[in-house]
Number of protein chains: 2
Amino acid sequence: MKTRDKILLSSLELFNERGERNITTNHIAGHLAISPGNLYYHFRNKSDIIYEIFLEYEKLVDFYLDIPEDRAITLEDLTFYLESVFDGLWSYRFFHRDLEYLLDSDRRLRQDYREFTNRCLAAISRIFEKLAEAGIIQPQPDELRSAMSLNVWLVITNWMAFLKTAHALEESASLTLNELKQGIYQVLTLEIPYLTPEYRERVMALREKYRPRLPEAAEMEGEALRKKG
Amino acid sequence: MKTRDKILLSSLELFNERGERNITTNHIAGHLAISPGNLYYHFRNKSDIIYEIFLEYEKLVDFYLDIPEDRAITLEDLTFYLESVFDGLWSYRFFHRDLEYLLDSDRRLRQDYREFTNRCLAAISRIFEKLAEAGIIQPQPDELRSAMSLNVWLVITNWMAFLKTAHALEESASLTLNELKQGIYQVLTLEIPYLTPEYRERVMALREKYRPRLPEAAEMEGEALRKKG
DNA sequence: CTATTATTAGAGTATATACTCTAGTGAGTC
DNA sequence: GACTCACTAGAGTATATACTCTAATAATAG
């Protein structure tokens with residue numbers, strides 16, 4: 001693998017683990033056992049590394065949020081969108097943590113991120129529209145649909161911060177992808193009142209799959225597993 | 001005013017304006033025209049300053065989110081809660097910006113913040129309960145009420161970040177309290193499907209008051225004002 | 001007035017951070 | 001074998017940052 005790509009990969013990994021603020025260019029170089037000079041041969045500065053990582057993130061999400069125009073949407077599609085978005089959020093989880101600072105330090109990033117958000121909001125809104133067309137949710141007036149899409153976005157982008165700051169995460173226990181995906185439960189909560197009777201059961205069952213387990217329950221389950229094994 | 005209090009006040013002001021990450025203890029001392037030594041006489045370190053500011057924030061929100069047990073809740077109460085929460089968010093707006101880093105750097109703060117969040121969630125849930133008792137919204141099963149309260153919290157705490165990162169804020173234009181309070185529109189959006197017919201109109205009217213204005217519209221209004229003046 | 005305590009100034013320090021500069025190396029080309 | 005050129009090492013630098021230390025001054029108590 002090329003040094004340039006290794007830098008991007010290591011940076012992402014370190015940023016995700018310890019936060020962009022806590023990782024310096026020297027850390028990255030050290031982690032790869034290359035010299036700072038080498039790193040700066042490939043990237044003008046730290047911002048450039050972050051910007052390229054963002055471009056990957058953007059590409060990923062844009063790819064997954066490509067809503068088909070030619071066919072109706074299914075519940076499986078919805079699951080796929082939700083899973084994909086949270087997967088993306090997970091893979092680039094450092095990004096939202098220091099978002100404001102990052103955007104303040106890089107104008108390109110600010111501009112691109114703004115457009116990215118708008119595309120995401122449009123995609124969410126489009127999904128709502130198609131869910132209504134498919135008879136999964138009731139149709140909504142434009143204004144309500146926009147506001148709801150925005151709420152979905154707010155819940156999605158803030159769910160991880162909530163887990164990391166407010167949840168019963170003890171010192172050692174770090175966040176897992178599974179916990180993150182409990183955000184899907186929260187998102188589906190938003191849609192409950194709009195579900196059509198025909199689909200209500202099925203969506204509620206889907207939601208149930210992402211219900212957060214109480215830490216004690218999870219522990220007991222682990223206990224049971226250990227006893228079994 | 002005591003030097004100690006001046007330090008807290010200036011820190012809050014500078015943090016809010018430029019972000020905690022961008023403000024050093026030397027900046028704070030410089031801004032007050034006191035020496036770093038003086039600042040460190042009053043506070044052991046930067047974390048301590050932040051912690052004390054958090055305690056103020058906590059006290060403020062706890063005070064406003066004290067839900068009366070002895071009487072029914074009104075729509076005016078709801079408005080008051082929402083306004084107060086966003087006022088608090090505004091006054092201590094630096095806090096949520098760098099939340100994760102701050103909690104990582106200070107165990108006390110992490111612990112206290114966790115409890116704080118839980119109190120807030122409980123208060124929101126309690127408000128929903130009393131809104132149902134008052135016949136403003138339909139009663140909900142416990143599980144749904146919890147999930148909805150959490151969504152309200154996620155929307156509230158992430159609204160500012162959304163405005164700062166994704167909204168059409170141009171370079172110079174900085175966030176205003178009024179824009180922030182458009183978050184109330186988003187929160188009330190969550191409640192729409194649960195409103196009782198008796199209160200529906202009134203809540204929708206309340207919500208309308210916080211509807212975001214398009215930048216052009218706001219500008220035109222400003223234009224009109226300038227022409228008048 | 002004296003002794004003590006609270007407060008302050010200001011120079012100073014250890015470390016970190018982002019980044020630069022110079023001197024290469026090694027693989028391929030003519 | 002000379003040359004190019006992408007790539008790399010590693011020492012070095014300017015600045016920032018959080019924080020310390022000493023000495024001095026104001027405030028207060030006995």
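FYI, side chains are in, hydrogens and waters are out, and symmetry mates aren't considered; it's all heavy atoms of this structure. Numbers restart at 1 for each chain; the letters A, B, ... are given by sequence-line order, proteins then strands.
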Under 3.5 Å: donor-acceptor pair, side chain of A:Asn26, backbone of A:Pro36: no
I need the minimum non-hydrogen distance between A:Leu177 and A:Phe86, along with the two atoms involved. CD1-O, 4.2 Å
A:Asp106 side chain to A:Leu109 backbone, donor-acceptor under 3.5 Å: yes
Using a heavy-atom distance cut-off of less than 4.0 Å, which residues of residues 22-41 of chain B contact DNA chain D? B:Thr24, B:Thr25, B:Asn26, B:Pro36, B:Gly37, B:Tyr40
Name the first nucleotide and the last nucleotide along DNA chain C (5' to 3') that come under 4.0 Å of a heavy atom in chain B. C:dA6 to C:dG10
What is the ring orientation for A:Phe15 with A:Phe94, classed by angle as parallel under 30°, tilted 30 to 60°, or perpendicular over 60°? tilted
Parallel under 30°, tilted from 30 to 60°, perpendicular over 60°: which one fits the rings of B:Tyr113 and B:Phe95? tilted
Heavy-atom donor-acceptor pair, A:Asn158 side chain to B:Leu154 backbone, under 3.5 Å: yes
Take A:Thr3 and B:Lys46, find for each the nucleotide of DNA chain D with the closest heavy atom, and name the residue whose nucleotide sits nearer the 5' end. A:Thr3
For the residue pair B:Tyr57 and B:Phe116, does the interplanar ring angle fall in the parallel (under 30°), tilted (30 to 60°) or perpendicular (over 60°) class? tilted
Going by side-chain hydrogen bond (donor to acceptor under 3.5 Å, both in side chains), name the residues that satisfy it together with B:Thr117, two or more places apart in sequence or in a different chain. none
